[in-house]
Each structure stands twice: as structure tokens, then as C-alpha cells.
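Comments concern the structure below.
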Protein chains: 2
Amino acid sequence: MSDKVRVVVADAQVLCRVGLCQVLKAEEQIEIVGEANNTESLLSLVSEVKPQVVIIDYNQPGYFDARIAGQIKDISPITDILVISSDDRKERIYQVLEDGVNSFLTKQCDEGEIIDAIRATAKGDKFYCHKILDLIIERSFPSKSENCAATPLSPREKEILTLVAKGKIAKEIAAELHISPHTIYTHRKNILRKLKLTSPTEMIVYALEQGLIELES
Amino acid sequence: MSDKVRVVVADAQVLCRVGLCQVLKAEEQIEIVGEANNTESLLSLVSEVKPQVVIIDYNQPGYFDARIAGQIKDISPITDILVISSDDRKERIYQVLEDGVNSFLTKQCDEGEIIDAIRATAKGDKFYCHKILDLIIERSFPSKSENCAATPLSPREKEILTLVAKGKIAKEIAAELHISPHTIYTHRKNILRKLKLTSPTEMIVYALEQGLIELES
DNA sequence: CTCTAAATTAGACTAAATATAAATAAAAGC
DNA sequence: GCTTTTATTTATATTTAGTCTAATTTAGAG
């Protein structure tokens, strides 16, 4: 048992794993104790070695998904998580940030930020890259942003938007939620007004961007 | 001037560049003569060093796009191109394949395929990973696939699908194309029938998957 | 307690979409 | 050359979805 920080690298893409390992090798106080390319192998690895740090891209359908942070914390609460993801959906990112992740980078980050983040997380500190910090600030101080409020939709409106985006028509949604079709129309009108959109199609695009629905199943 | 194959690595993500360089280092007969993280620096690099091979991910909005293969070939016709991309839109992939690319991998490929592809491309051969070969075969022998024809839509139908997906209603499209709104309805009905879809919303999702429209502008 | 926002609903009305049918032109097959 | 299919186009009558306006109920903020 060395006194180095024990790190697990989890990414479905071999190039990213190799790149990350290469960057980590330059760090004296870090030891890579394992790699994983899917949820199953990562979780058994975590339960086995209880690493101090897991570096992961959760945004890889079929390999990893956004629930991974909670699953890691359940198995090993002492493990700190550094996300290096290609995700660009604000709501999904907010969700992951609230889910016990310590540090968060995007794959567009430059080398300096990656190294800083790895060092900070290995010390138990938190680190967020510029892009993620901008998102956090935008959410904390919505008045500063020109785009304003991240999601000004009420829970019910989100629910209805999700169903609309899935291709259901008002009548079907009404039957599902046991309310009148007129209620759906009103909600939808309010959603369009709030988001300053003009066509139902733009709602789909919005829902996709916000991570309310997924492309391909 | 050595007798090694001179390779340029182009990827906006530093981790992928590092990973790729690491993999290439293991290849005796390859020499990395430059790296680029955006179109401008790549093109000036290509024009300067005229590499035998460029390895690139064209699917990085703001850094590289699908036109890059043609641009490289214009500057340096002798350069072979190996794409290692995260793109999953069939139509876009077909378009790039027709655009003078020699080899094509996805970032989900395993290490073996990546090494094989690099060696093959360095020798001037072509290489396609399993996933891409499946796509090519699917297009060449549409009857074999259960999903059948990649895009069985006529040009006119594609045009109308694109406009519908942009949020325009039949009347607006009719005015734009100088035809009757009824024509639009008929086309749309045919599109839904051909794609075995049931709601207009699914058309939007289809158009997004096919790369007919783009998320965010 | 009052005021606002969220959630709900209805009736009258308008616009969009479907079903059905069909004409024309071009491409493919024999 | 003739037939068949596909693409493109259109129309009428009918059905359905969606909008506008208006209103009620509930819950939370101040």
C-alpha cells in the first residue's frame, strides 16, 4: 500500500483513457490502480480497490450514464469523482453536479485545466473548468445572463413538455395524466411564451438540449 | 528528411490528441510532424509539411467540420486522411466517406482496430472499422438489413422534411416552394409511411439523427 | 389576509391535417 | 415501344387539433 493517491480511469473511448493515463503519469503523487470502459466493470473495480478518485465521462450511452456518480458513492463514499465529459446539456450537467461530483471538466478543456483539476481532486479539493463555472454562475445569478433563467418552467410544464417532445398529442397526454386536453393546450401555450418559441418543433429541440428526452433509444 | 511516414494529428480535444500520439509512438515507421486543434492551424500545417497522413475528428463544431477532408485534399492531394470521429449520423458519415477520406474509425473502436487502421493508412491502404463497414454494407445491400434502406426518401421529400423539422407549417412551406399546401400534406404522409413513423415529432428526431437539421445555431 | 403564480377547465372558433381520389411526368423493366 | 412504378402535383370533403378568451381553484410569498 503506497501513499500515492489511487485513481481509477473510466472512459468508454480508448483514446481518452490512454490520453488521460499519459497525463496522469506525469503526476508524481498519483497511481493509476485501474481502468474501466463500462459501468459494470467500473463498479466492481471501485468496490474492490476503493480508490480515492474516479475520473469518468458519464455521457456515453450504453457504457456510462448520468446515474454513475450516485452508484459510485453508494459503493464507496470516500471516493471523489472528477468528471471529464463531452456533455453539453445544461440540465443534465446541473443534475450531475448535484449528485455528489467533486470536480467537473469538459473534454474541450485545455491541458492546463485538466492538470489543475486532477491535482485539486487528488487533494480532495473541488475544481470546475471555466465553462462549468459559467453555468453555475448563470444558475446562481440568473439576472446577469442575457438568456436569463436556466429553466423557468414549472414541474408540471416540464412534465408536459417531455411528453409532447416524445411525440404524444394533447389528447394522449390528457388521457395519461387524467386531465382535460384543454389543460395541455394551455400549458403548451405557456411553455412557448416562457421560452419565446413560436413552433412546437422548437420545443423538441429545446427538450433535447435540456436533456429532457434522448435521441435514439 | 527521414523515410518514416509523416503524420499530422488533428483533434480539438487534448486528451484524444495525447492518446493518439501515445498510440502512434509505439509504431516504429511513423513520425508525428505536427498537431492541430482547429481548422485554421491544421490547414496551414498541412500546406507547410505536406504530411502523408492526417488523423482527424471532423465532428467538433467550432473547431472542425465535415468539409475538412475536401479542404485538406485541395491543399495537399497526396495526403491520406484517417478519420477517428464520434459522429453517429449516418448521412453525415456517408457524405464524408464520399469526400475523399481513406480510412474511417469511430471513437468507440477498440485499440486493435485503431492500430490496424493507422498501419493500413500509413501504407496508403484503406481501413474501415466494423461499425462503418456495417453502414457501407447497409447502403450497398439495403435488402439485407432489417431496417432496410438508409434513406428511402426522395430529394423532394428530404427537402420538405427539412423544412418541417425547422418548425415550418405546411402553408409556409407551400408558399416558399410555390406549390399547394396539399402537396406538403401528401409528401409528409408519404414520409411517415416510408419511415414507419406515427407522429410529426418523430420526424424531427429522425431529421436530427440524419443530420438534416442541426441542434443550436 | 392579500396577491401572485401554478394548475386546471370550458365554449366558441380557426386552422391544420387526413382520407380519398386522381392527374402528370419521369424512370425502370420487359 | 409499351407497361409499371415512383415522384410530384393537386382538389374536395371531412375530421381533428389547436387557439383565443375567460374563469376557477389551490398553494405559496409577503
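Residue numbers begin at 1 in each chain, while the letters A, B, ... track the order of the sequences.
Rounded to a whole Å, the CG atom of B:Leu161 is 15 Å from the P atom of D:dA7. Straight-line distance from the CD1 atom of A:Ile184 to the C1' atom of D:dT19: 15 Å, rounded to whole Å. Separating the CD1 atom of B:Ile173 from the P atom of C:dA15 is a distance of 18 Å, rounded to the nearest angstrom. We find that NE2 of B:His178 is positioned 12 Å from P of D:dT10, with the value rounded to whole Å. Rounded to an integer number of Å, the gap from CD of B:Glu157 to P of D:dT9 is 10 Å. Distance NZ (B:Lys168) to P (C:dA17): 15 Å, rounded to an integer number of Å. Atom CZ in B:Arg193 sits about 17 Å away from atom C1' in C:dA17, given to the nearest Å. In this structure, B:Ile169 places its CD1 atom 17 Å from P of D:dA17, rounding to the nearest Å.
The residue A:Ser180 sits close only to the backbone: its heavy atoms come under 4.0 Å of sugar-phosphate atoms, none of a base. Note on B:Lys189: a base of the nucleic acid sits closer than 4.0 angstrom, heavy atoms only.
Take the nearest nucleotide of DNA chain C for A:Lys194 and for A:Ile179: the residue whose nucleotide is more 5' is A:Lys194. Toward the 5′ end of DNA chain D lies the nearest nucleotide of B:Arg156, the other residue of the pair B:His182 and B:Arg156 mapping further downstream.
Nearest nucleotide to the B:Arg188 side chain, out of C:dA19, C:dA17, D:dG18: C:dA17. The listed nucleotides are C:dA16, D:dT8, C:dT8; the one nearest the side chain of B:Asn190 is D:dT8. The side chain of B:Thr183 lies closest to D:dT10 when the candidates are D:dT10, C:dA16, D:dA17.
Side-chain nitrogen and oxygen atoms of A:His187 include at least one within less than 4.0 Å of the OP1 or OP2 phosphate oxygen of C:dT8. The phosphate of D:dT19 has neither OP1 nor OP2 within less than 4.0 Å of any side-chain N or O from A:Tyr185.
A donor-acceptor contact shorter than 3.5 Å links the side chain of A:Arg6 to the backbone of A:Val49. B:Gln52 places no side-chain N or O within 3.5 Å of a backbone atom of B:Thr79 that could act as its donor or acceptor partner. Of the possible polar contacts, none joining the B:Tyr206 side chain to the B:Leu197 backbone as a donor-acceptor pair under 3.5 Å is found.
Applying the 3.5 Å distance criterion, the base of D:dT8 shares no donor-acceptor pair with the side chain of B:Thr186.
Here the options are A:Arg193, A:Lys194, A:His187, the test is side-chain hydrogen bond (donor to acceptor under 3.5 Å, both in side chains), and the partner is A:Asn190; only A:Arg193 passes.
The pair B:Asp80-B:Lys123 does not count as a salt bridge, with every side-chain nitrogen at least 4.0 angstrom from each carboxylate oxygen.
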